[in-house]
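To start, the structure itself, in structure tokens.
To find a chain, count down the sequence lines: A is the first, B the second, and so on, and within it residues start at 1. Note that this is a predicted model, so its numbers are computed, not measured.
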Protein chains: 8
Amino acid sequence: MDQEKMRELLKKYKNGEATEEDVILKLKEAPFEDLGFAKLDSHRALRQGIAEVIYGAGKTPEQILEIAKAAKAKGQETILITKMSKDAAEVLRGEVGLNLDYDELSKTGICGKMPAKNGRGKIAIVTGGTSDMPVAEEAARCAEAFGNEVDRIYDVGVAGLHRLLSNLDRIMEAKVVIAIAGMEGALASVVGGLVDVPVLAVPTSVGYGASFNGLSALLSMLNSCASGVSVVNIDNGFGAAYQASMINHIK
Amino acid sequence: MDQEKMRELLKKYKNGEATEEDVILKLKEAPFEDLGFAKLDSHRALRQGIAEVIYGAGKTPEQILEIAKAAKAKGQETILITKMSKDAAEVLRGEVGLNLDYDELSKTGICGKMPAKNGRGKIAIVTGGTSDMPVAEEAARCAEAFGNEVDRIYDVGVAGLHRLLSNLDRIMEAKVVIAIAGMEGALASVVGGLVDVPVLAVPTSVGYGASFNGLSALLSMLNSCASGVSVVNIDNGFGAAYQASMINHIK
Amino acid sequence: MDQEKMRELLKKYKNGEATEEDVILKLKEAPFEDLGFAKLDSHRALRQGIAEVIYGAGKTPEQILEIAKAAKAKGQETILITKMSKDAAEVLRGEVGLNLDYDELSKTGICGKMPAKNGRGKIAIVTGGTSDMPVAEEAARCAEAFGNEVDRIYDVGVAGLHRLLSNLDRIMEAKVVIAIAGMEGALASVVGGLVDVPVLAVPTSVGYGASFNGLSALLSMLNSCASGVSVVNIDNGFGAAYQASMINHIK
Amino acid sequence: MDQEKMRELLKKYKNGEATEEDVILKLKEAPFEDLGFAKLDSHRALRQGIAEVIYGAGKTPEQILEIAKAAKAKGQETILITKMSKDAAEVLRGEVGLNLDYDELSKTGICGKMPAKNGRGKIAIVTGGTSDMPVAEEAARCAEAFGNEVDRIYDVGVAGLHRLLSNLDRIMEAKVVIAIAGMEGALASVVGGLVDVPVLAVPTSVGYGASFNGLSALLSMLNSCASGVSVVNIDNGFGAAYQASMINHIK
Amino acid sequence: MDQEKMRELLKKYKNGEATEEDVILKLKEAPFEDLGFAKLDSHRALRQGIAEVIYGAGKTPEQILEIAKAAKAKGQETILITKMSKDAAEVLRGEVGLNLDYDELSKTGICGKMPAKNGRGKIAIVTGGTSDMPVAEEAARCAEAFGNEVDRIYDVGVAGLHRLLSNLDRIMEAKVVIAIAGMEGALASVVGGLVDVPVLAVPTSVGYGASFNGLSALLSMLNSCASGVSVVNIDNGFGAAYQASMINHIK
Amino acid sequence: MDQEKMRELLKKYKNGEATEEDVILKLKEAPFEDLGFAKLDSHRALRQGIAEVIYGAGKTPEQILEIAKAAKAKGQETILITKMSKDAAEVLRGEVGLNLDYDELSKTGICGKMPAKNGRGKIAIVTGGTSDMPVAEEAARCAEAFGNEVDRIYDVGVAGLHRLLSNLDRIMEAKVVIAIAGMEGALASVVGGLVDVPVLAVPTSVGYGASFNGLSALLSMLNSCASGVSVVNIDNGFGAAYQASMINHIK
Amino acid sequence: MDQEKMRELLKKYKNGEATEEDVILKLKEAPFEDLGFAKLDSHRALRQGIAEVIYGAGKTPEQILEIAKAAKAKGQETILITKMSKDAAEVLRGEVGLNLDYDELSKTGICGKMPAKNGRGKIAIVTGGTSDMPVAEEAARCAEAFGNEVDRIYDVGVAGLHRLLSNLDRIMEAKVVIAIAGMEGALASVVGGLVDVPVLAVPTSVGYGASFNGLSALLSMLNSCASGVSVVNIDNGFGAAYQASMINHIK
Amino acid sequence: MDQEKMRELLKKYKNGEATEEDVILKLKEAPFEDLGFAKLDSHRALRQGIAEVIYGAGKTPEQILEIAKAAKAKGQETILITKMSKDAAEVLRGEVGLNLDYDELSKTGICGKMPAKNGRGKIAIVTGGTSDMPVAEEAARCAEAFGNEVDRIYDVGVAGLHRLLSNLDRIMEAKVVIAIAGMEGALASVVGGLVDVPVLAVPTSVGYGASFNGLSALLSMLNSCASGVSVVNIDNGFGAAYQASMINHIK
């Protein structure tokens, strides 16, 4: 119950329509969602006008369908599903009203219409190699579903520095950069040293041997000698997009 | 050489005052700093009107003094020194003109006058315990030296949740939150779940046994189930402040 | 042989019906099970009136069937099978007298009738997310098979703190809490800081990337800044239920 | 503010002595400590009649003295200080009224009188070797300060099994067992297999080489093949004592 | 070429039948196998009268068949094949003369007749649980193929200490003990503390979660507080049998 | 654009055929590839007359075919494809003009004619066991595709030292040695101690248990007590061949 | 109480001099030390006629002195003290009767006369470098104190293979070899491939960087491709000597 | 004994001045150093005309002095001492004839005259930061002592890419590059992508937190996405210099 309802209850109590016990009970039962001082739900900001997020991993196609339909029913205009299997996509496609746009590479599905691109500027998504694309596309599509313009700058790893440098203008125009790389993860440091905006680094599990499934890239990025770089979990394109969108929408 | 100088050279070349070889040579010698498309120095943004940063670790007091004096000489109004030993502070205090303000807990020194607090809002710095204060103060003082208003909310770890919750209003007012914790590092997730702004998590090496010098907190923070959390290196208060300031000054 | 049999043997020896050698030999052969000072079997307490436990992993359906039938034959009223495959369940269902109740999610089977709920109070089982449910249900069903009332409070992870807090009364009513979470494992610390009863933490292998198959949650829980938290192996719902039942049945 | 004060405020509001805004403000300011549904402080249970706990590490002797005097001033009868340096002990000894009992081996100090031993039974503390004694004594003295009878059974490691077995009666009489061992940590499994009560295992950093500062013992204990064993952090004698006391005082 | 041949060559050189160059060349070409001071082949000892060992992993059934036939052709009476797939066994069974005895559990095949049991005494093979049997049987069958009498004492893990202790006489009669356990690996320490003979410990990858595929057991065994314990690689039943056989056949 | 084109542009600018803006724009757009001071592409050296390298992992057969055809079209005489699946080989075989030579063991394909063996001498490739052959053949075939003579000396691991030593002459004749081994990786140290030329060590993931997928061999090789040994990633036969070829072609 | 005493008690019981309760009580009190089927003390074998072992680490000089004097008092002829500090040596030297022989390098002290060298043959102790000598001398002196002839073959690491090979005759003459090496630990594999006797490998913490305090050598030795190698803890010279002595004294 | 002496012995044998036994004995005693097919000493190549290397760590000043004097006595013109303490330098300075040149930063000492710079070209030594200088100077001085011209290009880390790029001509002129960096170690990949010569990467232990004493840089370098990069141990400047010199002197 929100503050308005609390005020109503207090008024009823004053008027004798509610007892002291009613007030105390209500407070004990649901102190958190009622008082409006805490975010009701960790995704509230996104849900209001932007996108409801469904984490698809570990959910059956039917569970995803049900949640998506419920979100649509309560008026949600954009619904984002991450880690969505092809099977789940098949099932949701059957529900024509959801209007699913599914991307197999990034395992993301978007239902409904895309929100307006109302951020402060662009989010540049930069990858070291083409193998980082599944993570990059997860980030890109999530960022778009959160109302951001995205500039994809892929396969500009540090082993061919000229490719990165010849895209520098595009990268420097962004408000936030998401730097995605596996193997040695050096991209984050090089980009961090070249731009003046926050760099969110995403290590990927791309590589073999001593890459230890992304550990090498993760450690590299955490130890970046460039200032202005922070890191999210290995392969967590969604997480980087979420924070990048927050930064790009800051008031 | 900047674009203006490049244009002058081209004009001289056209006029016959410079040869083709002069142009080619100049391009080969210094293509990067000359062409203006790359940031001249990774700290340029901060240095212009805000603060020059000197990383004190591994430098002798004399080296620090020399760099600080040089920065002041070229007109730098604020000079920030991190990881600065007490001995170095003694030496810099001898140079009255530098006007050193040294904080032993955070090992940070600030010379000159503090910049205006010209960010979009406040940076909240939240810690789990009092033992995290050295890292928190490094973050706080760096953020201040970068022109930010800082709200220090210390010792509100998740084991005494009421302390954190009763400070929620202050935390939610910030534009960015820096969450600093050692041991299990749960603070970042709890704060990330409560606020709608970017959370920069700093794991600290506080703890013993299976904390493995901050590894436990680091992994926790990387795996945060709350969206909107990114992570910097263990004990890296400076890094969090730097990125927080970037976000708080975003245009 | 139990103490009674030992006493009989001593009497026979005194009466000349047994030789000194008989006594010495008996002692050497089986000193442990005979003398009654040690628990005959690590599961004795449970077996007597509660449940015999069969660890199903690495056993063929036929082996499980045989052990279950033998347990029933010697009068065991409840038989609990953990890590039981669907195939094994098929085979045991064929043995009507066993009356198998199989739960696929938690891979647990229970044969016979459930014991009385004769603990001191309830065991609350709290999870961070729905993906932790297989481990949670293993814990819940084991706890029930050991004679405990269980309160399931699922999907109350710290990223949506209000969900946890609005269930606080239920959690605080329990005699023991089992806190189950993957990813950053912060749930154990938050719960440990809120309740006054023992918290048994179970890290789960839920997560990806730097969760390292549960290592992140495990370290978090071991480093809990809340007092009153202890930890069992990753995904070990059974182990937590076993110790929780011991605590709930303490005399 | 407790429920009583809340009721008073509501009455004032009804009587016109307080405005609706006053009520709303109060709720927002301190919803948690006021409403009585959450534990005010994680150590509340212990503090009431038992012991206030001061974590001495990272605090100056003067800070410890101040906290201890404040606790005494508000009527605390027993004050427990863990990880207390010899220097801090010197300072607190100067304050005669505190009546400090300091133990250098375990670095624990106890001020005031010891609480009554009002648990359900004894806590047995079992160690593998004499080198585990600092951790064991921390556990023992903490448990005593929490109102428990403690039975110390030291140096009964599994390499000399007869020493452990000849103390079995004492161990089996306890309501809870704290098993403390470094190196391979096998003690927890062996004890867990012999007794019918909860075993809290404490890995210690005793050992060298591949003990990796307690990691080997920690992993052993987490993988215990005996049921009924849970684990706390390396060298965390206090944590084991705290949970053991909770179990021993269960209602 | 052996010493005899060397002497012949020298004689020929003296007689003028060989040149100085011939001698020098021969020395350079094959100094090692010729001079008789080094073991020609690491398996020589075993091959002479006992068993030729073929490591089956990574070899095709046809390759194994070929090597086995070649060994038989040169008079080898016993041929041991480890890590042998069922498919390979099918192929070798087709070669009747090889007289293959294949054990699927341990993936070992033995061709030819078993050597005499001519060691100094018995090798006891002790396991913690039934899941350790594949490794145990590899050890047992290898030891038998090397001419040892083996006493199998399985499923006597430390969680049910009485089972281990009631088999103590058998264990103590052995000349060498191979202790095989997964999970916490405590068996090696307990056995090492009870017997007076060398204990070779084999950690197994049995377990889950924090067993980390045998790492927990491996570390436990390396840190054994019992003297007289050494360790081989995880799941390396062959290696333990090989060294145990060496010890049992020592002259 | 190369220096020649830059000079042409400058001339046009002087002649009034290009504006100052044209020159500045060109410089900003592509400063790196145009100015000839940096390597255009990390594989340039190899591509010129030697081999174009296509990393096959994570590419579809069709993508590989397309790249290979494009390379051939622009005159590339040798095309090397690493980590190439059987399926991709089928597809490329369909393109007769490519003239694919595919090796399943090493998953390498070579199209076109092999380059001349124009290095300073031979590259010796030495392996510990036959299981290291897939990595060794990758190294060997890559080295050949880069224009080197290769001497394959396989299965000369240190457990049978005489096999290594009797091949010493061949090894010592090489200009560079690639030492490939899994398990304990001792081969690199032994070879490094015997020869006077650079040794490039390649750890392989061959082994089980505590080999931890090549980590053991990797650490061994990094800690080699022999001078003159450097290391590449686990299973990275290509990388070793690439550097070995650089050394063998040094001017 | 031993079997003789048990028999006496039974006789007394038969004669009426002891009650049934007396017998039962005695059995319950001390079943293990009384029945003679278990080793009284893990060092019993050594103590009888050879050496009592005192682990000096973590004991005060006074404690060591007391234990040593007690051992001497009960007739122990040789007393071995490991990990003994110089200070402790000073104290024991003061007790003339103990006749201490202290070696600072290995931190071992031996009191009393050395036992006869009554093993089956020699124990060869082989090290990779001179920095391994502290561990090697611990092994050597312990082995001598256990009644073994020791052959010290130091500084024969694999980087200078000729040094190892020219000592091969000495190594091959031993009944057991202890191979001690840090860094890459390759010595164990090379020696294991050359000799026909059990090799006990001791990794040392010698090295830096990626040697990770002995972890690299430990993993190498566990993964030895040579058969007949087993491993003890890092720097555990005593442990290797103990098992080597057991093997050398096997009956 | 070299081949010449072998030939002499054979001649004496032919002449009757030596017996067959003499020849056989000589061969058995010292087959390796005598036959000239193996490197007599792993440092032989360097010692002949270049430098004898003494590893100073773990040696007393007196031991180092003795070895240095012996080397000088036998005609060694250059003697290189690594990991040399200041104390050792004091002692060697006392021996005027040695003519010690000691560098405290890199802990290297060089006695005698420097060899001619007779390599194929220059070795470029590139570092990420000034904190990497101790390792870089070790590499530089060792390389010089091995007869190489060295170009020091320090503090050109990837966070300020323009510094690296403006030194590209110098780097590209070298025959071998040694890339030295701590923290994220990205320098090796960036340099490897820019140059056409072998890059030897040296991770340093510079950094804190998740740099884990050089592990982060080590993994980065091993996973370099640039071809032509190989890696030596953390902080191993000597090792890189040694191999770089081998490459620079290749025939």
| request: Pick one of side chain, backbone, both or neither for Phe212(E), based on which atoms fall under 4.5 Å of a heavy atom in chain D. | output: side chain

| remark: In short, Asn223(E) meets Ala210(D) closest at the heavy-atom pair ND2-O, 2.8 Å

| message | Do Met183(D) and Ser224(E) have side chains that approach each other closer than 4.5 Å (heavy atoms only, starting at C-beta)? | response | no

| message | With rounding to the nearest 0.5 angstrom, report the CD to CG distance, Glu184(D) to Leu219(E). | response | 11.5 Å

| task | Write down the atom of Ser216(D), the atom of Ser220(E), and the distance for their closest heavy-atom approach. | result | OG-N, 3.6 Å

| If you look at every heavy atom in Ala186(E) and Ala186(D), which pair is closest and at what distance? | CB-CB, 3.3 Å

| query | Are Leu161(E) and Leu161(D) side-chain neighbours, meaning at least one heavy-atom pair lies under 4.5 Å? | reply | yes

